[in-house]
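See below for the structure under consideration.
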Amino acid sequence: MNEHFEQEFAASAEKRRNWGGTLLLVAGGIWVVLAYQLMMPFGDGDDEYSDGRKCQSMLFYEGDAPTWDEATWDDCRDERRWPEMLGWLGLSVPLSVVGAALWTSGATSLRMREYMAEHRIATAKKDAPAKKDAPAEKD
């Protein structure tokens, strides 16, 4: 019964840790895509036409103007919509918080199990010589 409980405990902790890692990877993927969209220059989507506009990155732009000149403002803004990007960022926050909590819980549980197993082994080794040296009981 005790061994069965420990195996179930370890399986549950491993499952929590794996789910937490998966959620953290998903949140990290969202962050990488958003960072790419903020930092890299892009086009307005009309690549087949020679007059397709090139837009500067939303984060690192050159000049005093905040982003683009008036002629291309709407075209560039339509390609990178702030509300959509903020929505993805908002989705990544709970994913990362829940992922971190699950991963930490699972990893801590597994480490505690390992520590308790090491403690039991050390106690058994310490008690083993004492039992060998004890005189045998006479009936």
Side-chain angles (χ1 to χ4, degrees):
M1 174 79 174
N2 194 15
E3 183 67 29
H4 176 71
F5 173 74
E6 284 194 28
Q7 289 175 352
E8 294 253 340
F9 180 79
S12 172
E14 184 79 26
K15 188 188 227 181
R16 279 193 317 265
R17 189 177 68 174
N18 290 340
W19 269 107
T22 301
L23 290 176
L24 284 172
L25 283 174
V26 170
I30 291 171
W31 295 339
V32 166
V33 169
L34 290 177
Y36 178 81
Q37 287 184 351
L38 282 173
M39 294 181 197
M40 299 305 290
F42 58 96
D44 67 353
D46 292 333
D47 291 336
E48 57 197 49
Y49 299 108
S50 61
D51 65 345
R53 293 179 176 91
K54 289 290 186 187
C55 304
Q56 296 180 20
S57 77
M58 298 177 84
L59 195 59
F60 302 118
Y61 53 85
E62 294 178 17
D64 294 333
T67 50
W68 310 281
D69 62 2
E70 281 300 315
T72 61
W73 170 258
D74 290 333
D75 294 335
C76 290
R77 189 176 60 188
D78 287 343
E79 289 300 312
R80 297 283 196 264
R81 293 180 297 273
W82 280 100
E84 182 178 310
M85 293 171 70
L86 286 174
W88 281 105
L89 182 64
L91 174 67
S92 74
V93 171
L95 288 176
S96 61
V97 169
V98 171
L102 285 173
W103 190 86
T104 302
S105 170
T108 303
S109 296
L110 287 173
R111 182 61 192 123
M112 290 289 290
R113 180 177 179 259
E114 291 172 9
Y115 174 78
M116 292 305 293
E118 291 170 5
H119 180 70
R120 281 193 297 272
I121 290 170
T123 302
K125 285 182 181 178
K126 185 175 128 185
D127 291 345
K131 288 181 181 179
K132 284 183 184 178
D133 296 338
E137 292 183 19
K138 294 183 182 180
D139 291 321

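For the single chain, residues carry numbers from 1 onward in sequence order.
Put simply, Leu110 and Phe9 are part of two different groups of oily side chains (I, L, V, M, F, W, Y) that touch within less than 4.5 Å, one to the next. Follow the hydrophobic side-chain contacts under 4.5 Å out from Trp88 and you never reach Val33; the two are in separate clusters. Trp19 and Leu95 fall within the same hydrophobic cluster, where Ile, Leu, Val, Met, Phe, Trp and Tyr residues are linked whenever their side-chain heavy atoms come under 4.5 Å apart, directly or through other members.
Residues meeting the side chain to side chain donor-acceptor pair (under 3.5 Å) test with Glu118, sequence neighbours left out: none. Applying the side-chain contact (heavy atoms from CB on, under 4.5 Å) rule to Glu8 yields the partners His4; only residues at least two apart in sequence or on another chain are considered. With sequence neighbours excluded, the residues forming a side-chain contact (heavy atoms from CB on, under 4.5 Å) with Thr108 are Thr104, Met112, listed by chain and number. Every residue two or more places apart in sequence or in another chain was checked for a side chain to side chain donor-acceptor pair (under 3.5 Å) with Arg113, and none qualifies. Residues satisfying the side-chain contact (heavy atoms from CB on, under 4.5 Å) test with Ala117, not counting sequence neighbours, are Arg120.
Listed by first and then second residue, the salt bridge (Lys or Arg N to Asp or Glu O under 4.0 Å) pairs that reach into residues 15-27 are Glu14-Arg17, sequence neighbours excluded. Sorted by first and then second residue, the salt bridge (Lys or Arg N to Asp or Glu O under 4.0 Å) pairs with a member in residues 87-109 form an empty list; sequence neighbours excluded.
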Going by atom type alone, with no hydrogens or angles, which donor-acceptor pairs under 3.5 Å involve a side-chain atom of residues 22-31 and a protein atom two or more places apart or on another chain?
from, atom 1, to, atom 2, distance (Å)
Thr22, OG1, Asn18, O, 2.9
Trp31, NE1, Ser92, OG, 2.8

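Listed by chain and number, the hydrophobic cluster partners of Tyr115 are Met116, where partners are ILVMFWY side chains within reach of under 4.5 Å, directly or through others. Residues Met40 make up the rest of the hydrophobic cluster containing Tyr36, defined by ILVMFWY side-chain heavy atoms closer than 4.5 Å, directly or through other members.
In terms of modelled atom types and a separation under 3.5 Å, the side chain of Ser105 and the main chain of Ala101 share no donor-acceptor contact.
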